[in-house]
Amino acid sequence: MALYNWMFARKHGGQFILRIEDTDRKRSVPGATEAIMEALRWMGLDWDEGPDIGGPYGPYVQSQRAELYRQWADWLVEQGHAYKCFCTPEELAARREAQKESGGGHGYDRHCRNLTPEEIAEREADGLSYVVRFAAPLEGETVIPDVIRGDITVPNKQITDAVLLKSDGLPTYHLANVVDDHFMEISHILRADEWISSAPLHLNLYEAFGWEPPVYAHLPLVLNPSGKGKLSKRTQAFDDDGREVLVKVEEFRDAGYYPPALNNFLANVGWSFGDDREVFPIEEAVPRFRLEDINPAPTRLPYDKLDWLTGQWIQEMDPLTVAQAVKPYLDAQGHEVSPETLLLLTPALQVRLKKFTDAEEFLQFLWEDDAPLTADQLSHAKLPPEAAMTALQQARDYLATAEPFDAETIGAELPRIGEAATLNGKAGPFLGMLRRAVTRQAVSPPLYESIVALGRARTIDRLDQAIALLETEADRTTESG
RNA sequence: GCCCCAUUCGUCUAGUGGCCCAGGACGCGGCCCUCUCAAGGCCGAAACAGGGGUUCGAGUCCCCUAUGGGGCACCA
């Protein structure tokens, strides 16, 4: 959502403003503001005004603007557009319960809407706490012009007398936003679908204030991968296989995803680049972005596509950048790799990675010195045991002295040994065996690079172990046969 | 229960009355390439929720139904 706001602002040369909406004391979490800014920064979405950099309409933290909201709430009360409500939460809950049972209306029952000035004065004298509620229109209808969906018409009897100012003196979202959006000169509101139902209230607030409302665009909701319910930052989400799914920006970061690819991915949800193009930098998407083109239907994130997209991005990066990106993750996983080794393997690595953290799996052979190796793993139908042994021995001897010890050189010689060893004259079976002997893995980066990365000494050592293994195996076969 | 929003392949989407017996992408299956895994290339299966209209003509416009979602807080 922030991405769409950002793209829209960037396209039209507008300001992208970061405003912290922290008017709920029960929910405010220390450090939350920092976390949000950190996430946006990581994604590369820069803002023009915000709590950290200020701007002409500050402060940008709502809890610091409480006085302003209070003034305007008072103004509404004076004008008769709002009123003080002395109902207690308990009373409200009880009446709501009764309403539910009778199956009747909904929302606040407007109990305090028509209190006389005397009744109000009396209650205030008693020191009762109160909230300020909006006196919503009782008849007619409100039309919300929405750029994505067209006009949305809501009967006014659906609109309830929402609380504007809570008993702790802080505003609710409704009041705070309308006031802030007006004074911060917000031209467009892009927000999630779930706000549609309170949009009539907001429009009526603008009307009561006599202010010009902004343009609304209600973005499609992002659903759980299962399609059940909306995706929420506050709860965990799971896919159809019951696996937990990433939701927060920092989770994607920790999982090894790449910001430009993530932006690319997100831009493709609810909107599309056009020209059948899937991979694109967000900068190229900006000039093409139009609110009218946003798909209004709710959506699920196609996580498989994110992996593919990230893979595409990584393939296109230059090796040095990939290596630099992978390094911190390997460090965090406690693996030591020299920059030279990492760089040597990066070209092979980058066509394989779906995300940076995948590097660990492909580089395992580098630190698994005691990985188990069995004769079974070394055998191959097209490679007679004696020939395998001979070839392995030849390879070992060759690698012990090969100069220069680089992928190109050994890549020219090793296949020749293999071709001579197999029945069909193809090097494949032998090279497969060699890879298992050297990397101890069925799946590894390409053989020659792997050997060079491992280094001469460790390669020879592992080959000696493989040869010894084959020898004992051969002895056993002889004895039993 | 009431109100609102939505509904094209499994998923993300293109499509704004004839160019659509519906295009792209991911995923899936097959083949090729190949030292494994990838990457790459080629091929394939796979959708307009249902029903009524409007129109010469409907995925595209209208209505109803169904399904999914959102809201109905002193949360945002």
Side-chain angles (χ1 to χ4, degrees), chain A residues 21-24 26-27 85 87-89 92-93 96 99-100 102-108 129-133 144 146 148-149 152-155 157-160 162-168 170-174 176-177 191-200 218 220-221 223 225 227-230 234 240 265 268-279 292 295-309 311-312 315 348-354 361-362 411 414-415 418 426-436 439 441-448 450:
Chain A
E21 316 205 320
D22 57 346
T23 56
D24 185 5
K26 290 188 291 292
R27 255 173 58 181
C85 167
C87 298
T88 65
L92 292 173
R96 213 166 12 239
Q99 250 177 12
K100 210 187 246 173
S102 69
H106 73 292
Y108 178 58
S129 69
Y130 63 87
V131 299
V132 174
R133 304 189 93 109
I144 310 148
D146 184 290
I148 299 174
R149 289 154 219 274
I152 299 168
T153 306
V154 181
K157 56 173 184 283
Q158 284 300 319
I159 306 172
T160 60
V163 172
L164 300 179
L165 205 65
K166 295 179 274 190
S167 54
D168 64 4
L170 286 175
T172 57
Y173 168 89
H174 310 296
N177 270 265
R191 46 143 72 144
D193 197 307
E194 55 193 325
W195 289 105
I196 290 181
S197 46
S198 48
H218 289 97
L221 219 46
L223 269 28
K228 288 278 175 208
K230 62 175 176 176
R234 308 208 273 267
D240 287 333
F265 168 71
N268 258 334
V269 173
W271 183 79
S272 70
F273 190 89
D275 299 343
D276 290 337
R277 194 165 156 204
E278 304 280 342
V279 185
E292 298 79 8
N295 183 342
T299 184
R300 309 169 207 197
L301 297 179
Y303 287 92
D304 282 343
K305 211 164 175 174
L306 172 61
D307 282 357
W308 172 78
L309 257 179
Q312 294 291 308
Q315 269 189 72
L349 213 51
Q350 71 185 120
V351 301
R352 272 155 255 258
L353 298 184
K354 296 297 182 208
E361 188 185 340
F362 285 104
L414 289 175
K426 301 250 197 218
F430 167 70
L431 293 172
M433 181 190 69
L434 191 58
R435 195 189 48 260
R436 283 158 191 270
T439 68
Q441 292 173 205
V443 174
S444 79
L447 179 58
Y448 314 134
S450 297

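When reading the values below, keep in mind they use all heavy atoms of this one structure, side chains included, and skip hydrogens, waters and symmetry mates. Chain letters run A, B, ... following the sequence lines, proteins first and then strands; every chain starts at 1.
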Distance check, [atom1] atoms only: [N] and [M], in whole angstrom units.
{"N": "B:rG44", "M": "B:rU7", "atom1": "C1'", "result": "28 Å"}
{"N": "B:rU34", "M": "B:rC21", "atom1": "C1'", "result": "40 Å"}
{"N": "B:rA25", "M": "B:rG70", "atom1": "P", "result": "32 Å"}
{"N": "B:rC72", "M": "B:rU13", "atom1": "C1'", "result": "33 Å"}
{"N": "B:rA47", "M": "B:rC42", "atom1": "P", "result": "23 Å"}
{"N": "B:rA39", "M": "B:rC32", "atom1": "C1'", "result": "14 Å"}
{"N": "B:rC74", "M": "B:rG17", "atom1": "P", "result": "46 Å"}
{"N": "B:rC62", "M": "B:rU16", "atom1": "C1'", "result": "16 Å"}

Pairing check on [N]: which nucleotide meets the Watson-Crick or G-U wobble criteria with it, both distances under 3.5 Å?
{"N": "B:rU34", "value": "none"}
{"N": "B:rC21", "value": "none"}
{"N": "B:rG27", "value": "none"}
{"N": "B:rA45", "value": "none"}
{"N": "B:rU7", "value": "B:rA66"}

Separation of B:rG27 C1' from A:Leu309 CG (nearest whole Å): 13 Å
Which part of the nucleic acid, if any, lies within contact of [X], taking any heavy atom under 4.0 Å across all strands shown: a base, the sugar-phosphate backbone alone, or nothing?
{"X": "A:Pro220", "result": "nothing"}
{"X": "A:Val269", "result": "sugar-phosphate"}
{"X": "A:Lys354", "result": "sugar-phosphate"}
{"X": "A:Gly418", "result": "nothing"}
{"X": "A:Ser167", "result": "base"}

CZ on A:Arg277 to OG on A:Ser272, rounded to 0.5 Å: 12.5 Å
Between OG on residue A:Ser197 and NE2 on residue A:His218, distance to nearest 0.5 Å: 8.5 Å
Counting side-chain heavy atoms from C-beta on, which of [options] comes nearest to [X]?
{"X": "A:Arg352", "options": "B:rA39, B:rU36, B:rA25", "result": "B:rU36"}
{"X": "A:Ser444", "options": "B:rC5, B:rU36, B:rG71", "result": "B:rU36"}
{"X": "A:Val443", "options": "B:rC74, B:rC2, B:rU36", "result": "B:rU36"}
{"X": "A:Pro89", "options": "B:rC37, B:rC74, B:rU13", "result": "B:rC74"}
{"X": "A:Asp304", "options": "B:rG71, B:rG27, B:rG69", "result": "B:rG27"}
{"X": "A:Ala297", "options": "B:rA6, B:rC35, B:rA25", "result": "B:rA6"}
{"X": "A:Thr299", "options": "B:rG27, B:rC12, B:rA6", "result": "B:rC12"}
{"X": "A:Ile196", "options": "B:rC74, B:rA76, B:rC5", "result": "B:rC5"}

Below 4.0 Å: OP1/OP2 of B:rU34 and any side-chain N or O of A:Lys426: no
Under 3.5 Å donor-acceptor, A:Thr23 side chain and A:Leu170 backbone: no
